[in-house]
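Remarks on the structure that follows.
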Amino acid sequence: MPFLAALTRFTALGVAAVVGAAALTACGDDTSAAADNPYGLASPGVLRAGTLTDAPPNVYLKDGTFTGFDNDLLTAVAAKIDLKVEFVGTDFSALLSQVNNRKFDVGSSSITITEARKKTVDFGNGYDFGYFGLDVPAGSPITGFDQLAGKRVVVVQGTVQDDYATGQKLDPVRVPDYNGALNQLRAGTADAWIAPAEIGDKSAADSGGKIKVAAKQLSSTPTAYAVAKGSDALREALNKGLDEVIADGTWSRLQAQYYPGRPVPADFTPGSGSAPVPSASAAPSDSAAPSASASS
């Protein structure tokens, strides 16, 4: 009996030692994994970004490549924190929930910060401002936002334009994407489209005179990149990278490239506000900055 008791005790000690070693190895693996992936990305070193394919000049697909102001800016920001960006197209109505369930690490689509959206995602610092645009068929008598009561107004579902139309009790027609809204105007099944102004401008310019911009209205809050709730390390890193691309002139260059002639409101400051904002003429050359195609 004493021999059996000793053998049992020796075996137990051996098992405990193995378990302890395994636990230490696991802890080491966790520490190493955290060091290799400090931002909790789905793939270490790769920022998977949900974006749209059909909203130029902000975000769009051209010749198989995702581009536009928001996406080119994000590529520059990510480079500052040693990340590469993988863009994936989606619908705006699904984007924020996809970011929060971590299908995407970040949402890039001129997302206006709102209190309602803060319940779903966290936002970085604002990087752009925006206007609402009012597009109507050529020949329409509509000249302002105050003339939309009783009209058939189309919006993209889940956007701030949708929120605006709903708040004005317009009972809007909701579509999943910008092409759907544009098609409503072309087909004559909508009297007006409330759109992001830059997107509305380009859509009208490309319509061959069939669509015109009736009015514009400044949005009261900035746009920002969205991350999942609690992704503080990633959010703070993106904020840091944003301040760096503001300071080195990339933000100003992209503004001039994608929104030529658009004035920056006096009360808008991009990023944290601590980075100086040089003029576009002081920005790095195209060869030193991430490539992007001008809007066509």
Side-chain angles (χ1 to χ4, degrees), residues 35 37-41 44-51 57-59 66-87 96 99 104-114 117-118 121-131 198 218-260 262-292:
N37 190 14
Y39 309 126
L41 305 176
V46 178
L47 189 66
R48 186 173 170 85
T51 188
N58 303 50
V59 288
F66 284 98
T67 186
F69 174 79
D70 300 65
N71 288 343
D72 287 0
L73 182 67
L74 181 60
T75 298
V77 169
K80 295 293 188 182
I81 54 175
D82 298 322
L83 297 178
K84 294 181 179 180
V85 185
E86 176 189 351
F87 291 105
L96 296 187
V99 168
F104 302 125
D105 301 307
V106 64
S108 171
S109 184
S110 292
I111 307 169
T112 302
I113 300 171
T114 69
R117 289 173 179 173
K118 287 180 181 179
V121 294
D122 287 340
F123 288 100
N125 291 331
Y127 61 80
D128 201 12
F129 55 95
Y131 290 83
E198 293 80 14
L218 183 64
S219 176
S220 60
T221 51
T223 61
Y225 297 116
V227 299
K229 298 290 287 183
S231 298
D232 294 341
L234 177 59
R235 178 179 53 78
E236 291 168 5
L238 291 174
N239 285 342
K240 176 177 178 292
L242 175 59
D243 277 352
E244 291 182 18
V245 299
I246 292 167
D248 74 13
T250 300
W251 183 88
S252 297
R253 179 185 64 80
L254 292 174
Q255 282 280 324
Q257 176 180 336
Y258 284 103
Y259 313 125
R262 183 184 72 163
V264 177
D267 59 352
F268 174 76
T269 302
S272 68
S274 63
V277 184
S279 66
S281 61
S285 66
D286 288 345
S287 62
S291 62

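- Side chains of Y225 and D70: a donor-acceptor N/O pair is absent below 3.5 angstrom, by distance only.
- Atom CD of E236 is separated from atom OG of S231 by 11.0 Å, given to the nearest 0.5 angstrom.
- Closest heavy-atom contact between P57 and Y259: CG-CE2, 3.6 Å.
- When all heavy atoms are compared, the tightest approach of I113 to T221 is O-OG1, 3.2 Å.
- Between A224 and G124 the shortest heavy-atom distance is CB-O, 3.4 Å.
- Nearest heavy atom pair, residue T112 against residue S219, reads CG2-OG, 4.2 Å.
- Across all their heavy atoms, V106 and L74 have their closest contact at CG1-CD2, 4.0 Å.
- Ring pair Y127/F69 is tilted by interplanar angle, where 30° to 60° counts as tilted.
- Salt-bridge annotation for K240 and E244: present, with a side-chain N of the basic residue lying under 4.0 Å from a carboxylate O of the acidic one.
- Rounded to the nearest 0.5 Å, atoms CG (L47) and CG (L41) are 6.0 Å apart.
- For the pairing with P270, the side chain to side chain contact (heavy atoms under 4.5 Å, CB included) check across V277, N125, L73 returns one residue only, V277.
- Looking only at side-chain heavy atoms (C-beta outward), L238 and Y39 stay at 4.5 Å or farther from each other.
- Interatomic distance, W251 CH2 to L242 CG, rounded to the nearest 0.5 Å: 9.5 Å.
- Counting only heavy atoms from C-beta outward, the side chains of F129 and V264 approach each other to under 4.5 Å.
- Side chains of S108 and N71: a donor-acceptor N/O pair is present below 3.5 angstrom, by distance only.
- Using a 3.5 Å distance cut-off with no hydrogens or angles, the side chains of Y258 and D72 do pair a donor with an acceptor.
- Under the 4.5 Å side-chain criterion, counting only non-hydrogen atoms from C-beta, I111 is in contact with L96.
- Around the NZ atom of K229, the shell of radius 6.0 Å holds more than 12 heavy atoms that belong to other residues, nucleotides or ligands.
- With contacts defined as side-chain heavy-atom distances shorter than 4.5 Å, the pair F123/P222 does not qualify.
- Taking OG of S274 as the reference point, atom CG of D243 lies at 4.0 Å (rounded to 0.5 Å).
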